[in-house]
2 protein chains.
Amino acid sequence: MLDSRSQRVLWAVVESYIDSPDPVGSRYVTKKYEFGLSPATIRNIMADLEDLGFLTQPHTSAGRVPTDMGYRFYVENILAPPEENMARMSEQMTNRLLTAGGDVDDILQEATRLISSFSHYLGVASLPRTENSTLHKIEMMNYKDDRIVVMLFTNEGTIKHKIIPNELSLEQRDLGRISSYLSERFTGKNIKEIRSSLVREMKEQKSEFDALIERTLAIFGEGSDNAGDDVLITGFKEVVNLPDFSDIDKIKILSEAIEDKHTIVKLLDKIVDNDGVQVIIGSENRIEGLSNMSMVATTYRESNRPVGVLGIIGPTRMNYQNAIVLVDAAARCLDRMLGGNSS
Amino acid sequence: MLDSRSQRVLWAVVESYIDSPDPVGSRYVTKKYEFGLSPATIRNIMADLEDLGFLTQPHTSAGRVPTDMGYRFYVENILAPPEENMARMSEQMTNRLLTAGGDVDDILQEATRLISSFSHYLGVASLPRTENSTLHKIEMMNYKDDRIVVMLFTNEGTIKHKIIPNELSLEQRDLGRISSYLSERFTGKNIKEIRSSLVREMKEQKSEFDALIERTLAIFGEGSDNAGDDVLITGFKEVVNLPDFSDIDKIKILSEAIEDKHTIVKLLDKIVDNDGVQVIIGSENRIEGLSNMSMVATTYRESNRPVGVLGIIGPTRMNYQNAIVLVDAAARCLDRMLGGNSS
DNA sequence: ATTAGCACTCTAACAGGAGGAGTGCTAATA
DNA sequence: TATTAGCACTCCTCCTGTTAGAGTGCTAAT
């Protein structure tokens with residue numbers, strides 16, 4: 001599809017543009033990379049690459065800049081194998097990550113922090129969605145006379161609790177009965193299923209515990225309606241230091257996306273599980289305002305079941321190779337940490 | 001200390017500079033505010049105010065700008081009583097806040113979000129520090145064979161849980177004994193005290209449960225060493241839209257402060273409880289990099305005991321009146337919501 | 001097929017100048 | 001004595017024109 005000489009030129013342009021965000025000219029390419037060709041020839045090749053849509057010019061007499069399509073080709077066909085020191089870097093990160101303790105949330109927090117500080121881009125992750133977990137146990141207990149604490153234990157090792165008013169003045173004995181009934185009936189079942197089956201039941205047969213059940217449901221459903229609480233974003237301070245964000249308007253857009261999180265959620269939702277690191281380049285994401293951002297992400301697993309997404313978001317001019325290696329290393333590390341937990 | 005005419009001029013300068021960040025000139029003051037004086041007279045007064053340290057000039061032929069000292073005088077001596085629509089605004093906010101549900105964390109999250117969006121500055125808050133709470137109950141239960149869930153219930157209505165490995169393979173029976181022993185001994189006591197007394201005991205007498213106790217301690221102490229997890233900061237997207245942050249370097253400094261949180265913690269620590277909204281202006285905070293930021297904050301209470309801080313951070317050129325009213329309204333609203341809870 | 005040469009284009013950077021806003025001072029005024 | 005009008009002066013901002021440089025595309029020569 002593209003002769004190897006053109007590929008090498010495209011490679012040179014992308015690499016050097018990633019290195020520093022100045023349009024790259026023909027002369028520069030001949031100087032920096034050993035082509036054995038004159039600038040004029042490079043110019044011709046570049047013109048061809050532009051016709052094909054891989055490169056573009058900011059203005060008539062400027063050098064070339066890769067298009068999203070150019071990056072795409074670069075990522076898919078001519079990405080070099082990771083360098084030695086890249087491997088060392090990801091190993092370092094993995095080691096740091098392995099020392100992280102706490103529950104899943106803490107580990108993920110640390111993971112995003114690490115991939116952000118190693119890549120100098122934004123680290124993002126979606127927490128395991130409760131609704132995809134399976135129930136391990138439900139506990140209810142009295143708390144301070146007028147309230148009940150409901151606790152939800154999942155097989156995935158997360159615990160959620162919620163305080164609800166004890167409207168029926170239930171005794172601890174009653175609570176024990178209710179919770180062991182629920183536990184017995186639903187243990188091992190998918191939270192999402194439980195939720196819908198409870199809702200159905202409540203419609204069919206009115207019980208005196210409806211109010212209690214309804215409030216309990218809130219734990220099950222948390223995060224499913226107001227998506228955004230279950231996504232972590234770290235590293236804004238890294239990103240503002242990039243020359244790509246010297247423009248204040250870009251910062252505004254980004255800060256809005258980060259704070260509202262909905263946009264990022266939409267992005268993460270695009271990552272499906274297909275056993276590998278996925279790359280979404282620039283306008284491919286089809287999200288307004290994020291057309292000059294790319295994402296490198298993959299799913300992470302828990303007992304061999306994909307439960308969430310981990311990735312890096314940066315400018316289209318990002319170091320894809322670096323990002324891919326880091327994300328992959330972090331995700332596989334998570335797999336081990338989480339998988340090992342629930343064994 | 002300052003005759004009323006000078007005060008009015010200072011007031012005019014501050015107000016109009018808050019309104020828009022251009023140095024304010026003598027002519028402008030006479031036009032906008034009815035002084036019955038000529039620009040020349042205003043100039044003389046301004047020169048006096050400059051000599052006194054309340055105003056300053058960016059350059060020779062520019063208008064005047066308030067100094068930190070100027071703002072200080074303005075805040076303490078000549079702040080006008082809140083306008084009508086200000087009161088309506090804070091009422092609106094209060095209503096919105098009252099509908100917030102969930103535990104303390106959720107409520108505070110909503111509170112910072114609200115004061116940020118109403119003020120267009122940064123909303124900040126410190127969560128109630130667990131170590132200042134009193135213990136209500138401790139529960140321990142087996143979880144998935146090889147682990148234990150430790151739950152800490154405070155009188156203040158917060159619950160913390162932690163999963164720790166069950167190294168001694170304790171039975172639920174043992175756990176029940178241990179937790180009821182701990183509960184019995186420490187209920188009603190201050191968490192901080194409990195922590196230190198447990199540590200002391202562990203040193204004095206080795207018990208077979210030391211490892212368990214030590215891990216349990218981690219819950220008590222959480223947030224005390226790595227301060228930063230217990231502070232909320234919201235509204236970066238509001239702040240980047242201010243003309244004060246059109247400079248990219250200021251954004252960098254701020255984003256760093258927000259992400260690391262330590263700086264903000266230091267700032268919040270300066271707020272002591274003395275029954276009222278406190279204002280820290282510009283370089284008064286003595287924190288590097290934040291010399292052009294001000295904070296308006298106050299403590300919020302739980303059962304009449306101050307447990308945390310809530311405030312607004314913005315540029316020195318912030319609308320103090322507005323901020324004070326909002327912070328006060330929000331804090332008093334929190335008082336009610338939390339105080340009512342634990343009655 | 002490649003390359004040297006050249007005219008052309010566009011930008012970034014600098015310098016100079018006009019306009020304007022605002023001051024401080026002095027002298028006149030109420 | 002306090003206020004004000006007048007005026008010279010300063011400094012910033014904005015606009016303009018110019019220049020240097022980088023890079024291109026094209027053509028003709030190799």
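Naming: A, B, ... by sequence-line order, numbering from 1 per chain.
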>> Can you build the contact string for nucleotides 18-24 of chain C? Use B for base contact, S for sugar-phosphate-only contact, and - for no protein heavy atom under 4.0 Å.
In response: ---BBBB
>> In this structure, how many angstroms lie between the P atom of D:dG23 and the NZ atom of A:Lys32, rounded?
In response: 13 Å
>> Below 30° counts as parallel, above 60° as perpendicular, anything between as tilted: where do the rings of A:Phe73 and A:Phe54 land?
In response: tilted
> Just how far, in rounded Å, is P of D:dA2 from CZ of B:Phe35?
Replying inline: 19 Å
>> Whether the A:Ser294 and A:Tyr320 side chains hold a donor-acceptor pair (N or O, under 3.5 Å, no angle test) is what I'd like checked.
In response: yes
>> Does C:dT3 have its OP1 or OP2 closer than 4.0 Å to a side-chain nitrogen or oxygen of A:Thr41?
In response: yes
>> Rounded to whole Å, please give me the gap between CZ in B:Arg5 and C1' in D:dT1.
In response: 12 Å
>> If we ignore hydrogens and angles and just use 3.5 Å, is the side chain of A:Asn285 paired with the main-chain N or O of A:Ile287 as donor and acceptor?
In response: yes
> Do any N or O atoms from the side chain of A:Thr56 and from the backbone of A:Thr67 form a donor-acceptor pair under 3.5 angstrom?
Replying inline: no
> In whole angstrom, what separates A:His59's NE2 from D:dG23's P?
Replying inline: 10 Å
> Do side-chain atoms of A:Glu259 reach the backbone of B:Gly235 as a donor and acceptor pair under 3.5 angstrom?
Replying inline: yes
> Which ranges of DNA chain D pair up as stems, where a stem means three or more consecutive Watson-Crick or G-U pairs with both distances under 3.5 Å?
Replying inline: C:1-30 with D:1-30
>> I need the CG-P distance between A:Asp22 and C:dC10, as an integer number of Å.
In response: 20 Å
> Going by an N to O cut-off under 4.0 Å, is there a salt bridge joining B:Arg5 and B:Asp48?
Replying inline: no
> Given atom CD1 of A:Ile42 and atom C1' of D:dA22, what is their separation to the nearest angstrom?
Replying inline: 17 Å
> ring pair (Phe, Tyr, Trp, His ring centres under 6.0 Å) with A:Trp11: which of A:Tyr74, A:Tyr17, A:Phe35, A:Tyr33?
Replying inline: A:Tyr33
>> Between B:Arg72 and B:Glu284, does the salt bridge (Lys or Arg N to Asp or Glu O under 4.0 Å) criterion hold? Intermediate values first, please.
In response: CA-CA 10 Å; B:Arg72 168 60 57 199; B:Glu284 289 175 3; 2.6 Å; yes
